[in-house]
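In the text below, chain A, chain B and the rest are named by the order of the sequence lines, each starting its count at 1.
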Amino acid sequence: AQAGTPLFLVAQDLTLFCICVNVQSQPASLAAEDISTNSNGPKQDSLFDDDPEDLFAEATEEVSLDSPERDVLLSDGPSPAITPITPPTSVITPRIGHTHDDMFTHSSFDEIEEEEGGDSFDIHISVSDPEKVGEYMTSISLFKRNEFAVKRRFSDFLGLHSKLASKYLHIGYIVPPAPEKSIVGMTKVKVGKEDQSSNEFVEKRRSALERYLMRTVKHPILLKDPDVLQFLESSELPRAVSTQALSSAGLLRMVNKAADAVNKMTIKMNESDAWFEEKQQHFENLDVQLRKLHTSVESLVCHRKELSVNTAQFAKSAAMLGNSEDHTALSRALSQLAEVEEKIDQLHQDQANADFYLFSELLGDYVRLLTAVKGVFDHRMKTWQKWQDSQMLLQKKREAEAKLQFTNKPDKLQQAKDEIKELEGKVQQGERDFEQISKTIRKEVSRFEKERVKDFKTIIIKYLESLVQTQQQLIKYWEAFLPEAKAIS
Amino acid sequence: MMEEVKETASVLSVHDDSIKVTEVLKDGDTLTFIIVSQKLSGTGEYHVDRTYEDFEWLQQHLFSQGDVPGIQGVIFPPLPAKPQVNASPRSIKQLGFLALGECQPYCKALETFLQQVAAHSILSKNKAVEVFLTSSDPPGRQKVKKNIFNRLSQAVEEMRKEGHKDVDEFFQNERDHNLVLTGCTKTAAEKFLDVVATEQKIAVACGHFSTALHLCVEPGEDPDKQAFSRVCVKLSEVFESIKKNMTSVAENNVNTLGLGLDLESRYQEAEREMLFRRTCKLVELENAQRNVEKAKPVKKAAMEEVKKAAETEFEHTSGVAKQEVKSTINNCIPHFHVSFHSGLVC
């Protein structure tokens with residue numbers, strides 16, 4: 001492509017990823033503690049170890065653009081994600097409709113969760129590198145013991161997320177956000193540019209998708225969702241059409257817009273429950289802290305990469321110096337020093353990767369997750385508002401009815417009475433909704449906090465182990481070098 | 001205050017390897033260095049305080065020994081650049097490793113300078129050295145009489161002399177070798193400086209991360225909160241100690257290999273300057289020879305004189321130079337020896 005020519009080809013994402021899901025059903029006594037073993041770190045022993053060299057042999061030049069998404073965002077209309085939408089494809093509608101009714105009318109959340117307690121699933125998900133016309137292979141076997149793989153495109157992941165978000169966010173479930181789209185990164189990859197940064201991009205994305213899936217299936221409610229099951233099981237997925245509107249970034253922006261709108265409406269919510277206020281404040285603080293941490297880690301990663309580069313350059317210059325020195329013991333020592341430095345450079349790089357993949361991405365994930373958390377709190381407020389609105393309307397109608405009593409208009413009176421009846425139903429429903437979402441949020445927050453602690457602990461332990469390993473390796477290298485240094489004189 | 005230093009030969013009354021720059025005192029913008037050296041005869045030490053200007057004074061005196069035969073063939077131990085209390089970025093760049101660390105690398109560099117001067121068979125005989133090391137009074141700030149060569153600033157027209165082919169294979173080899181070596185050492189020093197600078201940046205970043213982690217500590221009874229806080233505190237401590245480690249690694253690197261590369265680099269520059277001076281003498285001699293050949297009979301005798309003088313000077317210079325070059329090997333090894341021994345853990 002020439003510079004300046006917009007790559008406006010068919011907006012299709014042809015890179016598919018391979019997801020391997022390994023599920024073993026375990027008896028209830030075992031806690032599902034070790035779920036996330038495969039989901040971190042750049043080294044991935046997936047079943048389908050694709051040779052990265054194959055990746056871009058037949059790269060296409062297509063780019064998926066976000067422009068449709070932008071249009072949606074820029075419009076001031078009601079954000080479709082907030083209220084339940086009817087998904088476009090017919091395959092899914094009946095199922096969603098069905099489960100929706102189930103969830104609302106039977107108030108069966110509790111039942112579902114109790115069932116959950118009976119059988120915990122040890123789920124391993126791995127997402128492998130994309131193949132040529134790139135397919136992410138997912139393999140899952142939810143109720144059997146073997147594994148199988150399915151291929152999914154990046155847009156499929158986004159599609160899954162948008163469906164889950166539309167179904168669950170507004171009733172208080174913290175839906176994990178999907179990885180962001182990145183036009184620049186994807187362009188490079190698709191145009192077949194096979195350099196360090198595009199490899200890093202692919203790895204970053206693969207890792208992000210893996211973590212996304214793991215978080216999603218760890219959620220007891222989401223795991224049972226038919227869309228999730230379909231995503232993990234069926235060999236062919238209908239193409240996600242509306243992904244433009246609802247990538248994670250898009251969703252983020254819309255939630256933020258909604259939050260702003262809510263604030264602007266100055267909902268003076270009579271918070272009967274101090275718990276919610278306290279939690280909201282807590283999450284605000286956490287958000288600030290995590291963002292700070294994220295920035296710190298990113299700067300650390302950047303410096304470490306720099307150190308690796310500088311060490312490599314020094315190693316080269318030391319080698320040259322070693323070659324030009326006459327004195328043989330000295331020159332040998334310098335050459336050895338150069339070799340040691342080269343090894344150390346590699347170590348620095350590995351450490352930088354660990355810093356990044358373990359920490360930085362974790363922090364980034366949580367910053368994004370917190371936005372979802374804040375989102376459900378906002379939804380609760382909206383639900384409350386709706387309830388209040390219904391109540392006010394009911395009040396008005398009652399007053400109007402009272403007035404009508406004294407006029408001789410039996411038709412209007414009857415109409416008023418009918419409307420009042422309808423509104424009373426709405427008010428009751430509103431109250432139920434509000435209570436339900438409050439209850440759900442409480443559960444979700446508690447689960448979220450537990451997960452957070454577990455996640456961080458796991459990552460930190462991994463990170464410390466990597467640090468220790470690096471240090472030990474460093475010591476080995478230098479100890480090997482010491483006799484050479486001593487031999488100079 | 002010594003009014004004038006007579007250029008008489010003298011014997012240095014201290015052990016050259018006992019010379020130490022023990023500390024540096026800061027008074028506003030002035031830096032004063034304390035120099036201690038052991039007396040040759042009997043016990044006892046000399047303690048003197050000197051500023052950088054005093055060092056320059058000494059150097060000027062060494063340069064201006066025009067009557068010592070072959071002085072131009074001497075590799076003059078290099079004096080580090082002037083230190084500044086509030087250094088400008090340019091002077092920091094100029095000083096390189098010597099600008100890092102507290103004052104330790106810089107003091108070591110000054111110390112090496114003095115030791116090399118005192119150990120030098122020709123230079124140590126200069127009375128200025130004795131005065132510098134032993135006199136309790138400051139040696140004097142008056143302008144020294146014109147010296148033959150200042151810090152060699154290679155004017156453009158002089159540059160072409162650098163490539164002038166030599167008559168002596170030994171020196172031609174040495175010049176070529178020195179050129180390569182100077183380049184390599186300078187590059188290695190620069191690259192290592194980059195490494196050390198990055199290590200320092202990492203230390204700072206670790207410090208920030210550690211602080212940021214501390215901010216994540218939340219009070220409260222909630223067991224999840226407490227667990228999270230505990231984890232953050234532990235990790236914060238880890239990063240704090242990583243920061244300390246990095247800082248000391250960087251410091252160590254500066255004081256060992258960094259200093260070694262710097263000394264080595266400047267010494268090779270000094271050798272290059274010496275070889276260049278000798279080459280200039282060669283050019284002078286060849287010009288004088290040509291003049292003799294071209295001269296009209298009237299001028300011939302005078303030209304012959306000039307040629308003879310040039311010849312003598314060139315021979316003396318070469319003689320000294322050869323000795324200097326041969327003993328160079330012994331000078332540079334100790335630097336690296338020290339560097340490698342002192343534990344380079346980075």
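At a threshold of 4.5 Å between non-hydrogen side-chain atoms, the residues B/Thr187 and A/Met320 do not count as touching.
Of the atoms belonging to A/Ser446, it is backbone heavy atoms, and not side-chain ones, that fall under 4.5 Å from chain B. For B/Leu235, the part lying near chain A is the side chain, with the backbone staying farther off; criterion is any non-hydrogen pair under 4.5 Å. No part of A/Tyr477 comes within reach of chain B, as not one of its non-hydrogen atoms sits under 4.5 angstrom from that chain. Heavy atoms of B/Leu193 lying under 4.5 Å from chain A are absent altogether.
By the 6.0 Å contact criterion, NE2 on B/His208 is open, its count of non-hydrogen atoms from other residues, nucleotides or ligands being 12 or less. No more than 12 heavy atoms of other residues, nucleotides or ligands lie within 6.0 Å of NZ in A/Lys316, so this atom counts as exposed by the packing criterion. Other residues, nucleotides and ligands contribute at most 12 non-hydrogen atoms within 6.0 Å of the NZ atom of A/Lys457. Within a 6.0 Å radius of CD in A/Gln469, other residues, nucleotides and ligands contribute 12 heavy atoms or fewer.
Not a single donor-acceptor pair under 3.5 Å links the side chain of B/Glu199 to the backbone N or O of A/Leu307.
Contacts with chain A were tallied for B/Ile202, B/Leu213, B/Leu215, B/Asp194; B/Ile202 has the most, counting heavy-atom pairs under 4.5 Å. Ranked by non-hydrogen atom pairs under 4.5 Å with chain B, the options A/Asn285, A/Leu293, A/Val453, A/Thr311 are led by A/Leu293.
In this structure, CD on A/Gln313 lies 10.5 Å from CD on B/Glu190, to the nearest 0.5 angstrom. For the atom pair CG (A/Leu467) and CD1 (B/Ile242), the distance works out to 4.5 Å, reported to the nearest 0.5 Å. For the atom pair CD of A/Glu341 and NZ of B/Lys191, the computed distance is 13.5 Å after rounding to the nearest 0.5 Å.
Residue pairs satisfying the salt bridge (charged side-chain N to carboxylate O under 4.0 Å, His left out) criterion with at least one member in residues 299-315 of chain A, sequence neighbours excluded, are listed as follows: A/Arg304-A/Asp355, A/Glu306-B/Lys201. For the ring pair (Phe, Tyr, Trp, His ring centres under 6.0 Å) condition, the pairs that include at least one residue of residues 292-323 of chain A, sequence neighbours left out, are A/Phe314-B/Phe192.
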Query raised in the report: Taking it one step at a time, do B/Val238 and A/Ile460 satisfy side chain to side chain contact (heavy atoms under 4.5 Å, CB included)?
Result: CA-CA 11 Å; B/Val238 167; A/Ile460 286 173; over 6 Å; no
**Asked** Can you list the steps and then say if A/Gln471 with B/Asn245 is a side chain to side chain contact (heavy atoms under 4.5 Å, CB included)?
**Response** CA-CA 11 Å; A/Gln471 284 304 115; B/Asn245 181 45; 4.1 Å; yes
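The two residues B/Ala212 and A/Ser296 have their closest heavy-atom pair at CB-OG, 4.0 Å.
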